[in-house]
Amino acid sequence: MSTPEPATPAAIAAIRRRYLWMATSIFFLDLGITVIFLAANDAWANLWTSDAIGVVLLLGVNWLIARRLFEPIRRFLASEVPFEDVQRRLTQLPLRTAQWVAALAFVVTAVRNSMPWWAFFLPVALPIPGIADFVTVCIVLTVFYFTFTYFVVSDYLANLCGFIFDHYGRNLELFFGSYTLKLLVALLVTSIAPLTAILVDLFSYDGEHLQNEILVDVASAVLGLAISAYFISRSLLRPFGVLSRAMTKVADGNLDIRVPVTSNDEVGELTGQFNNMVGGLREREQIRETFGRYVDESVAATILRRQGEGAVRGETGEATILFTDIAGFTTIAEYLAPHELVTALNDYLETVLAPIRAHSGVVNTFIGDGLFASFNMPLACEGHAVAAVRAAIDIQRAVASRTFGDRGVAFATRIGISTGSVIGGSVGAGQRLSYTLLGDTVNLAARLEELNKQYGTRILVSQSTREACGDRFVFHGLGSVTVRGRSDEVAIFSVDSNGQETGS
C-alpha cells in the first residue's frame, strides 16, 4: 500500500469551505420555508424584515460558530496537532454543529412567529398564530432543523474521513453515535413532525386561515423532507455500500484493501473491525507465503489445516523417499566465492525441485547441497514409487544438460530412493516444530544416496522400489550390501537415466 501524501493548503481550504457550506445550508432551507409562508399569506413586503434574523443568526452567527468548530480539525490537517487531539472533535462534529443550529433555529423561529404580536411596524399585517401553533412550530422546526443539519454534516463527515484517510492514513477509532437512534430520529422527524404541525393547525384555526396554515405545513414538509431524505439516505446507507464493495474485493483475493471509517456509530466501528480483519488475513497470508518458502506448500497446507490440534499428529503410511546430493560439492566450494556458490546452488536446487513437484512429490527439507523429498506423504500420490523414479530420471537429465550460476558450474547429482512404511508428523520442542518423516525407509534412502559414490552410479533404489515399479524402467541389479544402520543385507539396483520407460 502506498504512503499517503499530506493534503495541500488549497485542498485543506476546499474541504473546510465545504463544511462551512454544509453547516450554513440550513439558512437556505429556512429561506425556502419563509418564502412559502409569505407566499401563502401574500406578505411579500415582509420578506426582508422576516428573513433578516435568519440572515444574521442562521447564516452569519452560524458561519462564525462553524469556523470555530472546524478550527481544531484544520490544525490537524495542517499538521499542527496530532490526530489523537482532534479525533473526539471530529467524531462529534455532526452533533455539535446540529446543537448550535438547533439553538439558533429556536431563536429565529420564536422571534419570527411572535412578530404579529409585537412588530406593528411591519408593512403588511401577518396572521396572529395560536399559542399551541406557536409552541408547536418552534419545537417542530427546531427539531427538524437539528435533524437536517445532523445528517447533512454526517454526510460531509464521510467525505472528510475519506479525505483524512487518503492524505493522512488515519481512521476514526472513537464511536459515540448510535445507528439505531439515528434511524429512529430520522423516521420520527420525517413522519411525525409534519403530521403534528397539521394536527395542531386543525385544532387551532378554521376557514381560510386553516387552509393557509395547512398549505404552509404541507409545502414546507415537501421541500424539507425532499432535501433531508437525500442526505439521510446517504448518511445511513453509504457506509454499507463502502463495506459491500470492499468485501467483494476481499472475496476476489485483494487483501491490500483498507477502507476509510466514514461514520461515528456501530457501522463505523464495524468498518474498523473489517479493516482489522483484512489486516489479520493479510498478515496470515504473508506468514503463509513466507512459510511456503521454507516448507513445501502441501506441508504448509497440512500444518495450517490441522493447526487446531496444536501440531500435526503422527501418522503411518506407505511412501517413497528420495534423497539427492551433489557429487564433489566440497571441492567445488573451495574455488567459488560464497555469493557465487550460493547463486549456483540455488539455481541447481530450483532445477531439481521442478521434476519433484511435477510428479507430485513433496520437498520436506533442504540438506546443504541436497534435499529430502517424499512421494505419497503428506500429499497423496498414486504410484508413488514410479513417480519418484520418474522424478529422479528427469532430475538427472535436467542437471546433465546445463550449468548453474554466473560461473557456469556443472553439478553431478546422486540420488537414493526407497519405498516402504514411514511415520510422518510434527517434531520439535516449544515453539520450534518441523514436519518430517521418520523410519527405516527414510534412513535407507539416505544410505543409498551415499552408496552411489562407492558404485559410481547416479541413481540407486531399494528392492521395494524396484518391485513397485515392475518393468517400467531399465534397472541393473548390483547385488546385496550391508547398509550402515541395518544388520541384514539389502538388494540394491541402479537406474539407467538414459533408458526409456518401458511400461504405460
Side-chain angles (χ1 to χ4, degrees), residues 295-296 298-299 302-303 306 311-327 352 355-356 359-393 395 413-429 433-455 457-470 472-473 475-495:
V295 181
D296 192 274
S298 60
V299 178
T302 299
I303 294 173
R306 305 180 189 178
V312 179
R313 296 177 298 181
E315 53 185 353
T316 302
E318 188 83 7
T320 298
I321 307 302
L322 181 150
F323 274 84
T324 74
D325 191 32
I326 296 176
V352 171
I356 294 174
H359 293 290
S360 302
V362 172
V363 175
N364 294 79
T365 185
F366 293 98
I367 309 172
D369 56 313
L371 56 81
F372 160 30
S374 60
F375 295 77
N376 205 44
M377 282 189 69
L379 182 65
C381 176
E382 186 177 355
H384 48 89
V386 173
V389 175
R390 284 176 180 164
I393 293 175
I395 289 171
T413 303
R414 298 190 296 247
I415 301 174
I417 304 174
S418 179
T419 301
S421 178
V422 297
I423 300 171
S426 292
V427 296
L433 297 174
S434 175
Y435 182 86
T436 190
L437 298 176
L438 307 170
D440 182 64
T441 301
V442 179
N443 297 332
L444 179 56
R447 301 296 179 258
L448 291 176
E449 180 274 312
E450 295 173 356
L451 284 173
N452 279 291
K453 183 177 182 180
Q454 178 180 330
Y455 283 89
T457 54
R458 288 290 178 259
I459 305 174
L460 285 180
V461 303
S462 66
Q463 183 172 352
S464 57
T465 302
R466 167 70 180 82
E467 293 174 352
C469 290
R472 302 179 75 98
F473 305 98
F475 293 100
H476 301 287
L478 301 178
S480 299
V481 298
T482 301
V483 179
R484 181 164 51 90
R486 294 174 63 110
S487 58
D488 55 335
E489 291 188 338
V490 178
I492 61 174
F493 301 83
S494 68
V495 179

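As a basis for the values below, the full set of heavy atoms in this structure was taken, side chains included, without hydrogen atoms, waters or symmetry mates. The residues of the chain are indexed from 1 along the displayed sequence. What you see is a predicted model; the values in this text were computed from it and never measured.
- Side-chain polar atoms of Thr419 and Thr465 form a donor-acceptor pair below 3.5 angstrom.
- Judged as a salt bridge (charged side-chain N to carboxylate O under 4.0 Å, His left out), and not counting sequence neighbours, the contacts of Glu450 are Arg484.
- Residues Val495 and Thr457 fail the side-chain proximity criterion, which asks for heavy atoms closer than 4.5 Å.
- Scored by the side chain to side chain donor-acceptor pair (under 3.5 Å) test, Thr413 finds Tyr348 as partners (sequence neighbours excluded).
- Residues satisfying the side chain to side chain donor-acceptor pair (under 3.5 Å) criterion with Ser494, sequence neighbours excluded, are absent altogether.
- Checked against salt bridge (charged side-chain N to carboxylate O under 4.0 Å, His left out), Asp325 has the following partners two or more places apart in sequence or in another chain: Arg414.
- Atom OG in Ser464 sits 7.5 Å away from atom CD in Glu318 (nearest 0.5 Å).
- Of all heavy-atom pairs between Val386 and Ala468, the closest is CG2-O, 4.3 Å.
- Residues Val362 and Ile356 approach most closely at N-CG2, 4.1 Å, considering heavy atoms.
- Side-chain contact between Met377 and His384 is absent, with no heavy atoms from C-beta onward closer than 4.5 Å.
- Here the CZ-OG distance, from Arg447 to Ser418, works out to 12.0 Å after rounding to the nearest 0.5 Å.
- The heavy-atom pair separating Leu322 from Ile415 by the smallest distance is CG-CG2, 3.7 Å.
- No side-chain heavy atom of Leu448 sits less than 4.5 Å from a side-chain heavy atom of Phe323.
- Residues meeting the ring-ring contact (aromatic ring centres under 6.0 Å, His included) test with Phe493, sequence neighbours left out: none.
- Taken from CD1 in Ile321 to CG in Asp440, the straight-line distance is 11.5 Å, to the nearest 0.5 Å.
- Put simply, CD1 on Ile492 and CD on Gln454 are 7.5 Å apart, with the number rounded to the nearest 0.5 Å.
- Atoms OG1 and CD, on Thr324 and Glu449 in that order, are 7.0 Å from each other to the nearest 0.5 Å.
- Looking at Ile393 and Arg390, their side chains never come closer than 4.5 Å, going by heavy atoms from C-beta outward.
- Here the side chains of Ile417 and Thr320 are in contact, with some heavy-atom distance below 4.5 Å.
- Glu467 is linked by a side chain to side chain donor-acceptor pair (under 3.5 Å) to Gln463, counting only residues two or more places apart in sequence or in another chain.
- Side-chain contact between Tyr455 and Val481: present, with at least one pair of heavy atoms (C-beta onward) separated by less than 4.5 Å.
- When all heavy atoms of Ala391 and Phe375 are compared, the pair lying nearest together is CB-CZ, 3.9 Å.
- The CZ atom of Phe372 sits 4.5 Å away from the CG atom of Asn364 when rounded to the nearest 0.5 Å.
- Nearest heavy-atom pair, Leu444 versus Ser462, reported as atom, atom and distance to 0.1 Å: CD2-CB, 3.8 Å.
- In terms of heavy-atom proximity, Val389 sits nearest to Cys469 at CG2-SG, 3.7 Å.
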